[in-house]
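First the structure, in the form of C-alpha cells, and then the observations on it.
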Amino acid sequence: MKFETLAIHAGQEADPNNGAVMTPVYLTSTYKQDGIGKPRQGYEYSRTLNPTRKALQDCLAELESGQWGLCFASGMAATDTVLRLLSQGDHVVAGHDVYGGTFRLFDKILRRFGLDFTFADTTDPENLAEALTPSTRIVWLETPTNPLLAVSDIRAVAEVVKHHPSKPILVVDNTFATPYLQRPLEMGADLVVHSMTKYLGGHSDVVGGAIVGKDKELGEKLAYLQNAIGGVQGPMDSFLVLRGIKTLPIRMDRHAQNAEKIVAFLEKQKNVKRLIHPFHESHPQVQVAKRQMKNGGGMISFIMQGGREAAIRVAESTKLFTLAESLGGVESLIEVPAAMTHLSTQGSPLEVDPGLVRLSVGLENADDLIADLEQALK
Ligand SMILES: *Cc1c(COP(=O)(O)O)cnc(C)c1O
C-alpha cells in the first residue's frame with residue numbers, strides 16, 4: 001500500500017474485544033497471565049511492551065520501510081539507547097552540525113564513559129571517509145541538519161560506510177524530513193532515529209523518540225536495551241503520535257508549499273544576507289536534496305545582515321510566528337539558534353552564526369505569515 005494509506009492504517013486494527021476503530025490508550029502497567037510463564041499475547045509489563053506503544057512502533061516500521069520500530073520518551077532517549085550498543089574505546093563519527101542536544105549528549109556526557117567522537121562535514125563523503133578509524137562503530141548522520149539545513153547524500157555516505165573495514169553502522173536522524181520526504185533505510189542506512197516531538201507528532205503537544213531498522217539481530221539488541229534502560233514512551237503519548245501521523249502526508253505537503261512562498265518573499269529582502277532552504281537554487285546540495293527528498297520541507301533558516309542584534313530583533317517582533325524552541329507543529333515558530341536551541345555549541349567548532357534565524361513554517365495562510373515577517377523585518 002502507498003504511504004498515505006499506511007500513515008492511517010499501519011500497525012492499527014479495530015480492537016478485537018469491542019471493535020474500537022482508534023487504538024485504545026492502554027493505561028496499564030501489567031497484564032494478567034494465564035499461568036506461570038504464560039503471558040497473553042506476549043504482554044507482561046509495560047516497560048517491556050504496551051499495546052498502544054506497539055501499534056505506533058509497528059506503524060513507524062512500515063512507514064520507514066523497516067522491519068521493526070522502538071519508541072522512547074524523547075528523541076534524546078532514543079539516541080542515547082542507540083549509543084549503548086557501544087563499549088568503552090569505541091569511536092563515533094557524527095556530522096559537524098548535528099542537533100545541539102545530540103552534540104551535548106555525545107561531547108559532554110558520553111565521552112566521560114570512554115566513547116570517542118569525531119565531528120566531520122558529512123556533506124562531503126571523502127571528508128567523512130578520512131574521519132573513519134579502525135574503532136569506528138557508528139556513523140551518525142543528520143540530513144537536513146538543524147539549524148543549517150545542510151544535506152548529505154545518504155547513498156554516497158552508505159557506500160563509504162559499507163566499504164570500511166571496521167563495518168560501522170550508519171544511523172540517520174530523519175527528524176527534519178520524516179519518512180514522507182525521505183526513507184534512509186531504502187538508501188543504505190542501518191537505523192533511522194526520530195524526534196517524534198516534531199513533524200511526526202505534528203501538533204507540539206507531545207515529546208517522543210523512535211528507532212527503526214531492518215536487521216533482526218540489531219532489533220533484538222536494541223529492544224533488549226530499551227527494556228533494560230527503560231526510557232520508553234507512555235501509552236497516552238504513543239496515542240498522540242499515532243493520531244498525528246495520520247495527517248503527516250498532507251501536513252508535510254502544506255508545510256513545504258508555505259515554506260516555498262516564504263522563501264520567494266525572503267530572497268527579495270535586502271536585510272537578509274543569506275537564505276537557506278534545501279530546495280532553493282542557492283543551496284550547495286540542492287541537487288542531492290531534490291534526488292533524495294520528496295519536497296523541501298517546512299524549515300527555513302536565514303542570516304540577518306545586521307548579525308545577532310538584528311536576528312534577536314526580528315525574532316522578538318513577529319506576532320504570528322511564536323518565539324519558541326522546537327519545530328514541526330501546525331503553528332509557525334521562530335527562534336535564534338545561537339541564543340536558544342544551540343547555546344550548548346557556543347565556543348565549539350559547531351557554533352552557529354549569531355545572526356541566524358530559524359523558521360518552522362506552520363499551516364496558517366501563507367499570506368498572513370508573509371505579512372507578519374514583512375512587519376518584523378521592517
Ligand atoms: C528535537 C531533535 C532531537 C531531540 O529530540 P527530543 O524529542 O527533543 O528529545 C534530535 N534530533 C533532531 C534533529 C531534533 O530536531
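No single ILVMFWY cluster, assembled from side-chain heavy atoms under 4.5 Å apart, contains both V93 and L115. In the hydrophobic cluster analysis, where Ile, Leu, Val, Met, Phe, Trp and Tyr join through side-chain heavy atoms closer than 4.5 angstrom, F239 is grouped together with V241. Hydrophobic clustering places L86 together with M76 (ILVMFWY residues linked when any side-chain heavy atoms are closer than 4.5 Å, directly or through intermediates). Grouping the Ile, Leu, Val, Met, Phe, Trp and Tyr side chains by contacts below 4.5 angstrom, directly or via other members, places V330 apart from I245. Grouping the Ile, Leu, Val, Met, Phe, Trp and Tyr side chains by contacts below 4.5 angstrom, directly or via other members, places V82 apart from V172.
Considering OG1 of T178 and CZ of F3, their distance stands at 6.0 Å, rounded to 0.5 Å. Rounded to the nearest 0.5 angstrom, E62 CD and Q12 CD are separated by 10.0 Å. Interatomic distance, K221 NZ to E217 CD, rounded to the nearest 0.5 Å: 5.0 Å. Taking OG of S332 as the reference point, atom NE2 of H255 lies at 8.5 Å (rounded to 0.5 Å). Here the SG atom belonging to C71 is positioned 9.5 Å from the CG atom belonging to D58, to the nearest 0.5 angstrom. To the nearest 0.5 Å, atoms CG (D368) and CG (L373) are separated by 11.0 Å.
Under the 4.0 Å criterion applied to side-chain N and carboxylate O atoms, E159 and R155 are not assigned as salt-bridge partners.
A heavy-atom distance below 4.5 Å is not found between the side chains of V98 and T145. Proximity of L356 to L148: side-chain heavy atoms (C-beta onward) are separated by under 4.5 Å at one or more points. Counting heavy atoms from C-beta on, the side chains of K198 and S326 come closer than 4.5 Å. F117 has its side chain out of reach of D107: every pair of non-hydrogen atoms, C-beta onward, lies at least 4.5 Å apart. A 4.5 Å side-chain heavy-atom check between P39 and Y31 finds every atom pair outside the cut-off. Residues L359 and E335 fail the side-chain proximity criterion, which asks for heavy atoms closer than 4.5 Å. Considering only heavy atoms from C-beta on, P144 stays 4.5 Å or farther from M299 through its side chain. L110 is listed as a side-chain neighbour of D80, based on a closest heavy-atom distance under 4.5 Å.
Put simply, the side chain of Q226 never gets that close to the backbone of L49: no donor and acceptor are under 3.5 Å apart. Put simply, the side chain of N258 gets close to the backbone of E364: a donor and an acceptor are under 3.5 Å apart. The closest donor-acceptor contact from the side chain of E267 to the backbone of L275 lies at 3.5 Å or more, if one exists at all. The backbone N or O of G208 lies less than 3.5 Å from a partner atom in the side chain of T197, making a donor-acceptor pair. D190 places no side-chain N or O within donor-acceptor distance of the main-chain N or O of I169, the cut-off being under 3.5 Å. Remark: side-chain polar atoms of E351 are paired, donor with acceptor, to backbone N or O of G347 under 3.5 angstrom. Remark: the backbone N or O of F265 is paired with a side-chain donor or acceptor of Q269 at under 3.5 angstrom. A donor-acceptor pair under 3.5 Å is absent between the side-chain atoms of R358 and the main chain of N146, judged by distance alone. T28 contributes a side-chain N or O that, together with a main-chain N or O of T30, makes up a donor-acceptor pair within less than 3.5 Å. Remark: side-chain polar atoms of N174 are not paired, donor with acceptor, to backbone N or O of H194 under 3.5 angstrom.
Under the side chain to side chain donor-acceptor pair (under 3.5 Å) test applied with T136, the options H91, H164, K167 reduce to a single match, H91. Shown are D372, L320, V314; of these, the side chain to side chain contact (heavy atoms under 4.5 Å, CB included) with I334 is made only by V314.
Annotation for R313: atom CZ does not count as buried by contact number, only 12 or fewer foreign heavy atoms lying within 6.0 Å. More than 12 heavy-atom neighbours from other residues, nucleotides or ligands sit within 6.0 angstrom of NZ on K108. Within 6.0 Å of CZ in R274 there are 12 or fewer heavy atoms belonging to other residues, nucleotides or ligands. Other residues, nucleotides and ligands contribute over 12 non-hydrogen atoms within 6.0 Å of the NZ atom of K246. Around CD of E260, the count of heavy atoms belonging to other residues, nucleotides or ligands within 6.0 Å does not exceed 12.
Ring-plane geometry between F279 and H277 is classed as perpendicular, the angle between the planes exceeding 60 degrees on a 0 to 90 degree scale with a lower cut at 30.
Between T122 and G95, the closest heavy-atom pair is CG2-CA, 3.7 Å. Here the closest heavy-atom approach between residue F176 and residue M252 is recorded as O-CE, 4.3 Å. Residues L185 and G66 come closest through the heavy atom pair CD1-CA, 3.6 Å. When all heavy atoms of A366 and K261 are compared, the closest pair comes out as CB-CD, 3.6 Å. Closest non-hydrogen pair, S152 versus Q292, comes out as O-NE2, 2.7 Å. Among all heavy-atom pairs drawn from S204 and E331, the shortest one is OG-OE2, 2.7 Å.
Aromatic rings of F106 and W140 (six-membered ring for Trp) have centroids within the 6.0 Å cut-off, being under it. Ring centroids of F103 and F119 are separated by less than 6.0 Å, placing the two rings close together.
For S238, the side chain to side chain donor-acceptor pair (under 3.5 Å) partners at least two apart in sequence or on another chain are Q233.
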With side chain to side chain contact (heavy atoms under 4.5 Å, CB included) as the test, would you mind laying out the steps for Q182 and T143 before giving the verdict?
-> CA-CA 10 Å; Q182 99 191 346; T143 180; 3.8 Å; yes

Chi angles and distances behind the side chain to side chain contact (heavy atoms under 4.5 Å, CB included) call for L200, L60 = CA-CA 10 Å; L200 292 178; L60 286 168; 3.9 Å; yes

Kindly determine whether V160 and L132 satisfy side chain to side chain contact (heavy atoms under 4.5 Å, CB included), including the steps that lead there.
-> CA-CA 10 Å; V160 169; L132 297 171; 3.9 Å; yes

Chi angles and distances behind the side chain to side chain contact (heavy atoms under 4.5 Å, CB included) call for L266, L377 | CA-CA 10 Å; L266 286 173; L377 283 165; 3.9 Å; yes

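Inspection of the K54 and Q41 side chains reveals no N or O donor paired with an N or O acceptor under 3.5 Å. Between the side chains of Y45 and N227, no donor-acceptor pair is found at a separation under 3.5 Å.
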